[in-house]
Structures are given as structure tokens and as C-alpha cells.
Protein chains: 2
Amino acid sequence: MAVTIKDIAQLANVSIATVSRVLNNSKPVRPELRDKVMRVVEETGFQPNAIARSLVNKETRIIGVMIPDISNNFYSNLLYGVDSVISEYDYSMFLAISDETVEKELKYLRLFKEKQIDGVILASIHFLEGNIHSLHEMQVPMVVTGHDLHGYQIPTVNVNNVQASYDATAYLISQGHRRIACVSGPLWDPPCGLDRMGGYRKAMRAHGLPIPEGFVAEGDFTPKSGYEAVKRIFEEKERPTAIFVATDLMAVGVLNYLHDEGIRVPDDVSVMGFDNLEIASLTRPMLSTVHNDPYMYGRAAGEQLLKQLRNEPIERMSTVPHDLVIRQSVKAVL
Amino acid sequence: MAVTIKDIAQLANVSIATVSRVLNNSKPVRPELRDKVMRVVEETGFQPNAIARSLVNKETRIIGVMIPDISNNFYSNLLYGVDSVISEYDYSMFLAISDETVEKELKYLRLFKEKQIDGVILASIHFLEGNIHSLHEMQVPMVVTGHDLHGYQIPTVNVNNVQASYDATAYLISQGHRRIACVSGPLWDPPCGLDRMGGYRKAMRAHGLPIPEGFVAEGDFTPKSGYEAVKRIFEEKERPTAIFVATDLMAVGVLNYLHDEGIRVPDDVSVMGFDNLEIASLTRPMLSTVHNDPYMYGRAAGEQLLKQLRNEPIERMSTVPHDLVIRQSVKAVL
DNA sequence: GTGAAAGCGCTAACAC
DNA sequence: GTGTTAGCGCTTTCAC
């Protein structure tokens with residue numbers, strides 16, 4: 001049986017109220033009593049029961065974080081960012097892994113409420129469109145990242161995917177490329193699918209460049225899907241001189257296809273990635289890409305959430321900055 | 001204000017005990033009452049308060065997982081393994097990231113107790129040797145992974161690092177290599193440092209092969225440290241024909257050094273990794289390595305913990321199997 | 001400054 | 001089968 005405040009009170013010959021007061025510094029206590037209590041606390045190795053405390057305080061100091069897939073480096077670094085800010089304020093993390101299923105997302109949302117979590121961070125959730133009401137019903141401070149959620153009063157944290165992809169494509173164009181293909185993310189993931197492809201299209205249009213049929217292929221985040229996508233592109237009659245790939249992971253697949261086909265990067269074709277995962281600097285040639293730091297997403301999301309918890313004003317929509325990382329996989333052409 | 005059992009009871013004209021009974025199916029309730037209660041529950045969107053429940057049940061259905069570094073793919077996959085087994089039994093995860101500091105480890109250990117966590121999984125903790133008593137004091141079901149902890153009554157989950165490294169080295173020898181170097185993990189991490197290097201040494205000795213001065217270099221897990229370590233080895237007079245690298249991440253650094261120096265793999269030198277991270281199949285050439293699945297670690301640890309929670313008998317020390325994954329980075333020599 | 005007592009939301013005897 | 005009640009470990013009025 002664990003030691004309780006009651007035990008401490010008896011051993012120290014004071015009331016449990018007094019013990020509580022010295023433990024929380026909530027009210028002045030006569031020094032001698034305070035010392036006596038502290039001594040007993042030391043001796044017994046007493047640890048307050050946070051559950052009981054939460055029941056009365058209505059605060060758990062736990063925040064729930066939901067991510068679709070933890071084996072994905074992007075999300076684990078996002079977690080790292082969240083943790084780095086919340087742990088500083090003595091909040092801890094309840095981790096919910098949804099495995100990309102709406103069912104689990106909804107289950108964890110319910111669990112968050114039941115466990116009386118103080119706040120929630122939702123990354124790249126699927127169940128939106130049709131279940132947003134679940135979010136509003138929550139009545140729990142919350143921030144979502146990886147979705148735009150325009151028109152809802154829920155704070156979001158995101159990069160400007162359209163602009164970043166535009167910048168990446170424009171860079172390719174500035175290096176003299178004109179026939180530029182695109183391996184996009186899956187269309188069911190708006191940020192990596194629609195938005196990033198949108199930025200690419202926008203840049204091409206703005207520079208008066210055509211997008212031939214077969215120059216755009218869709219992947220599903222895995223390296224393998226990048227491999228397959230670029231294969232489809234290269235089996236067309238017309239070949240690009242550069243490829244913009246919507247995620248680094250798929251870009252690795254693209255690099256591998258090119259390698260396996262004996263097509264040299266960047267001499268024969270240039271490749272531009274997106275995300276700047278650790279792996280981008282580990283490939284040979286090293287991948288030029290868009291820096292999109294999940295750690296910063298996490299920090300930003302954590303900060304927005306903490307602000308809510310302190311009732312400070314927050315932006316409904318914060319944008320985390322991006323920039324281009326130029327390495328070896330893009331070459332200028334004449 | 002959230003809806004409580006008391007509210008439900010009033011609205012349904014029953015006692016709170018009855019509501020509790022239908023919610024938990026803990027005792028038979030007359031169907032009409034049960035229906036009435038359920039209807040009110042639906043209408044109000046009632047969610048039970050898990051905190052209050054935990055206070056009386058003395059069970060939180062939360063298990064604490066402590067890892068040193070979540071940006072490391074190894075640990076995030078371990079988490080995935082843990083989650084995959086515990087979530088099936090309706091346990092959820094409280095995540096503690098220690099950032100490799102003993103201070104935070106101890107802090108989270110305390111927090112685990114305060115939050116009345118039901119069980120604890122500790123991965124690659126640092127504070128052992130001098131603080132093991134903290135673990136015993138815990139009086140909480142627990143399993144540790146990434147440490148051997150011989151002589152203590154704490155269940156562990158591990159690969160046999162010595163044997164696995166032995167096997168990897170023996171494989172290199174079976175391919176005709178005789179001059180084999182080793183890039184080991186840091187010595188402060190016994191499993192990846194001492195044990196893996198130990199397996200290498202043992203295999204060399206068993207086959208009567210010498211280990212020349214300068215054939216062993218220590219890295220610290222990062223690709224960069226692998227790069228530097230193998231550089232030191234290759235700057236010696238005598239060159240190896242094969243290298244056993246204690247972790248894949250460092251092996252990527254090794255591969256990159258070799259690439260940058262124009263030394264071909266596997267034609268000029270063979271490289272054998274350890275871990276079988278995703279990246280091992282993404283490098284060119286693809287890395288031959290030891291399969292050491294953190295996901296399985298996680299699953300095994302989770303299973304051992306669940307057994308304890310059910311008071312089932314457990315093994316004090318469970319070994320997760322390893323095997324060799326042969327890809328392209330090793331070549332047979334005559 | 002200190003203690004007695006109420007109550008947080010729930011479960012589990014215990015009576016009926 | 002159902003309701004009443006004690007109590008989980010804590011914080012916080014409210015008296016003194």
C-alpha cells in the first residue's frame with residue numbers, strides 16, 4: 001500500500017490539510033511544522049497521488065497527441081517538438097497512434113475526453129469532412145496540424161505547401177529546366193497531394209511552361225511508390241530533365257529507380273525533394289529539397305496549445321516557415 | 001460543465017448505482033431501466049470520467065514508456081510495437097522522452113508513480129548502476145529492454161547482441177574475408193558497444209583471425225561518426241576487405257565515406273550492418289545487415305508487461321530472435 | 001496558522 | 001434488482 005497524505009499527517013501529528021499546504025505551498029505554515037512534515041515525507045518516500053489531485057483540480061497536466069503513424073520519421077520528430085515545449089511546462093504526453101484509421105481516431109478522441117486530458121494536438125487526421133462536429137463537441141483546447149481547416153474556429157499549424165512547392169519548382173526553372181515532371185503525394189492527403197501538386201502547377205503556369213500528359217504521377221508516401229511513379233513517367237515518350245517529388249521518402253525511390261536504370265543524377269536528370277528528412281543528406285547524390293521541419297511543427301503546435309491553456313490570445317492559423325536546401329541532386333542546364 | 005453519472009441518474013429517474021451498473025455491465029439491471037439509462041446517455045453524450053474511476057479502481061489502464069530519443073527510428077518503431085499489443089487490451093501509452101539525461105529519467109520515473117501508471121517499459125535507460133534501487137522501490141510492473149540487468153529480478157527483453165554480431169562476422173568470414181574491421185557503438189552503451197564488438201572479437205578469435213591495431217574504431221550512433229570512424233581505419237597502413245558496423249545508421253556513414261573516396265562497395269570492400277533499419281534497403285548498394293526488429297522488441301516488451309498485469313508467470317529474460325539479411329554490400333572473395 | 005469537514009465523480013458493499 | 005452510503009486521496013472552504 002502506498003503512503004498517503006493521511007499517513008504523513010498522522011506521523012507528523014498534523015492535519016491532512018496542513019500536509020497538503022506544505023506540499024503545494026498554497027498557504028503559509030509555521031516553519032517547524034513544515035519541517036516536520038517534510039522530514040516525514042522524505043522518510044516515507046511519499047509521492048502524491050496525481051489521480052486524486054486531478055479529480056479535485058480538474059487538471060491532469062497531460063496533453064493528448066494523435067498521429068497516424070509513428071514509424072514515420074516525420075511524425076516522430078513532430079512528437080519530439082511537441083514534447084520539447086510541453087515538458088518544459090510540466091505537461092506530459094499521452095500518445096495516440098491512429099494507424100490511419102478513422103475508427104481509431106474517433107476512439108482516441110473519446111478516450112482523450114474520458115481521461116480528462118487538458119489539451120489535444122491532432123496531426124494529419126483523416127476523419128475530418130463529416131466528423132468535424134466531433135471536434136467542436138470536444139470542448140477541449142486543441143490544435144490541428146497537417147490540415148487547413150479553413151472556416152472552422154480551430155487553430156491550425158502548417159507550412160504553406162502551395163508556396164513551398166511553387167518555390168521548389170521555380171528553383172528548378174531558374175536552373176534552366178523546362179520539362180519538369182512531378183511525383184505528387186496521394187490525393188486523399190490534401191497537403192501533400194493537392195497542395196504540393198498545386199504549387200508545382202502554379203509555378204509551371206506562371207512561367208508559361210506546359211505540363212505534358214504523363215508528367216504527373218501520384219505516389220502514396222512510400223519509397224516504393226516513388227519508384228513506381230517515376231517509372232510510369234519515364235515510360236512515356238517524352239522525358240523530363242527534372243522531377244519535383246512531393247516527399248523525400250518518395251524521392252529516395254525516384255533516385256533508386258534512376259540508379260537502377262543507369263540514369264545519372266543530376267547529370268541526366270535533376271531531382272528535387274520535399275521535407276528535408278534526415279535521409280535527404282544520406283543519399284548519394286545528396287538530395288536538394290524543401291526544408292519542412294516536423295520538429296518545428298511540433299513546437300509551434302505545442303506553443304499554440306499552451307497559449308490556449310493559459311487563455312492567451314492565439315492565431316487561428318500559424319504558418320511555419322520553409323526554405324530550400326540546395327545539395328547535389330539538381331544541376332543547371334543551358 | 002461535463003455531464004456526470006449523477007445527472008444521468010436524475011434524468012433517468014434511477015440511482016447512480018444503477019447507472020454505474022449498466023455502464024459497466026457489472027450487475028444485472030432490468031431491461032427497461034437499462035434502456036432508459038442508455039437513451040439518456042446517448043442524448044447527453046455522456047462520457048465517464050476515467051480519473052474518478054481510476055481513483056476507486058486503482059487502475060489507470062495507462063502504461064508508461066520511457067525512451068531516450070524519439071527522433072531515432074529504432075525507438076519510434078519500438079513504440080509502435082508496444083502500442084500494437086497494449087492498445088489491443090485497451091491500455092494506452094504515456095510517453096516519456098528522457099533525452100538521454102539521467103535527470104529526466106529519474107523525473108519521469110517519479111511521474112509514472114504519481115500518475116498511477118499501471119506498468120512501465122524502460123528502453124535503454126542510462127541511470128542504472130547506482131540507481132537500480134529506484135526501480136525496485138517502484139513496486140510497479142515493469143520490463144526493461146536494451147540492458148541485460150543480470151542479477152536483478154526485473155524482466156528484460158533483448159536480442160543476443162553478442163551472438164548476432166558473432167553471426168554477422170562469421171558470415172563475412174564464410175565469404176572468404178580475413179581482414180575484417182569493426183566500427184562499434186559507443187562503449188557507454190553496453191549492448192551496441194561492448195556486446196556487439198565482443199561478438200565480432202569472439203568470431204575472429206574462433207576462426208583464428210588476427211585483429212590488427214587500428215581495425216576497431218568507435219562511433220556514437222550517428223552516420224557522421226561512422227564516416228569518421230571508418231576514415232580512421234582506412235588511414236592506417238593495412239586495409240580491411242570487409243567491415244562490420246555495429247549499427248546501420250553508422251553503416252550509412254561508412255558507405256558514404258567509401259563512396260566519397262571512390263572505394264567501391266562491395267567490389268573493393270564489403271560492409272555488414274546491424275539493425276536492418278528501413279534505410280538499409282534504401283542505400284545503393286543495399287546494405288546486408290542483421291535483422292533486429294525494434295517493433296518486435298516493443299511487442300515482446302508489451303506482452304511481458306501485460307502478462308505481469310494479469311499475474312501470469314513471465315520469463316525473467318526473453319530473447320528476441322535475430323537473423324541475417326543478405327543484400328548487396330557483401331561480396332565473396334577467394 | 002491550523003483542523004474539521006465537504007466534495008471532486010465514481011464503484012462496491014450493504015441493505016432492502 | 002435497486003437504492004443508500006461509504007470511501008478512493010486529495011484540495012479547499014470555513015470555523016476557530
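Predicted model only: the values in this text are computed from it and were never measured. Note that these values count all heavy atoms, side chains included, but never hydrogens, waters or copies made by symmetry.
Checking the phosphate oxygens (OP1, OP2) of D:dT11, a side-chain nitrogen or oxygen of A:S20 falls inside 4.0 Å. A:N24 has a side-chain polar atom (N or O) that falls below the 4.0 Å cut-off from OP1 or OP2 of D:dT11. For B:R30, no side-chain nitrogen or oxygen approaches OP1 or OP2 of D:dG1 to under 4.0 Å. For the OP1/OP2 pair of D:dT11 and a distance below 4.0 Å, the side-chain nitrogens and oxygens of A:K58 include no atom meeting the criterion.
When rounded to the nearest whole Å, the span between CD of B:Q47 and C1' of C:dC10 equals 15 Å. The distance from atom CZ of A:R53 to atom P of D:dT11 is 5 Å, rounded to the nearest whole Å. A straight line from CG of A:D35 to P of C:dG1 spans 15 Å, rounded to a whole angstrom. The distance between atom CG of B:L55 and atom P of C:dG7, rounded to the nearest whole Å, is 17 Å. The CG-C1' distance, from A:D7 to D:dC8, rounds to 13 Å in whole Å. Nucleotide C:dG1 holds its P atom 17 Å from the NZ atom of A:K36, rounded to whole Å. When rounded to the nearest whole Å, the span between CZ of B:R34 and P of D:dG1 equals 11 Å. The distance from atom CG of B:N25 to atom C1' of C:dT11 is 15 Å, rounded to the nearest whole Å.
In this structure, A:F112 and A:F94 have perpendicular ring planes: the angle between them is above 60°, well past the 30° mark.
Within the nucleic acid shown, A:V56 comes within 4.0 Å of at least one base atom, counting heavy atoms only. B:I5 comes within 4.0 angstrom of the backbone, heavy atoms only, and of no base.
When the options A:E315, A:Q308, A:M317 are evaluated for a side-chain contact (heavy atoms from CB on, under 4.5 Å) with A:P155, the one that passes is A:Q308. Among B:L111, B:L122, B:V144, the one residue that satisfies the side-chain contact (heavy atoms from CB on, under 4.5 Å) test with B:M66 is B:L122. Residue B:Y80 is tested with B:Y297, B:Y75, B:Y295 for a ring pair (Phe, Tyr, Trp, His ring centres under 6.0 Å); the sole match is B:Y295.
Counting only heavy atoms from C-beta outward, the side chains of A:I154 and A:H136 approach each other to under 4.5 Å.
A donor-acceptor pair under 3.5 Å is formed between the side chain of B:N24 and the backbone N or O of B:S20. B:D118 contributes a side-chain N or O that, together with a main-chain N or O of B:T60, makes up a donor-acceptor pair within less than 3.5 Å.
Remark: A:D195 engages no residue in a side chain to side chain donor-acceptor pair (under 3.5 Å) (not counting sequence neighbours). With sequence neighbours left out, the side chain to side chain donor-acceptor pair (under 3.5 Å) criterion links A:S98 to no other residue. Not counting sequence neighbours, B:F46 has no partner by the ring pair (Phe, Tyr, Trp, His ring centres under 6.0 Å) test.
Here A:K107 does not pair with A:E103 in a salt bridge; the nearest charged N to carboxylate O distance is not below 4.0 Å. We find that A:K36 and A:E32 are not joined by a salt bridge, their nearest charged nitrogen and carboxylate oxygen being 4.0 Å or further apart.
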Please write out the pairs of protein N or O atoms and N or O atoms of nucleotides 3-6 of chain D separated by less than 3.5 Å, giving the distance to one decimal.
residue	atom	partner	partner atom	Å
D:dG3	OP2	B:S15	N	3.0
D:dG3	OP2	B:S15	OG	3.2
D:dG3	OP2	B:T18	OG1	2.6
D:dG3	N7	B:R21	NH2	2.6
D:dG3	O6	B:R21	NH1	3.2

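Residue order along DNA chain D, read from the 5' end via each residue's closest nucleotide, puts B:P28 first among B:P28 and B:A52.
Comparing C:dC10, D:dG9, D:dT2 by their closest approach to the side chain of B:P48 singles out C:dC10.
Helix-axis bend for the helix from C:dG1-D:dC16 to C:dC16-D:dG1: the local axis fitted to the five terminal pairs at one end deviates from that at the other end by 50°, rounded to 10°.
Heavy-atom distances under 4.0 Å link DNA chain D to no residue of residues 37-44 of chain A.
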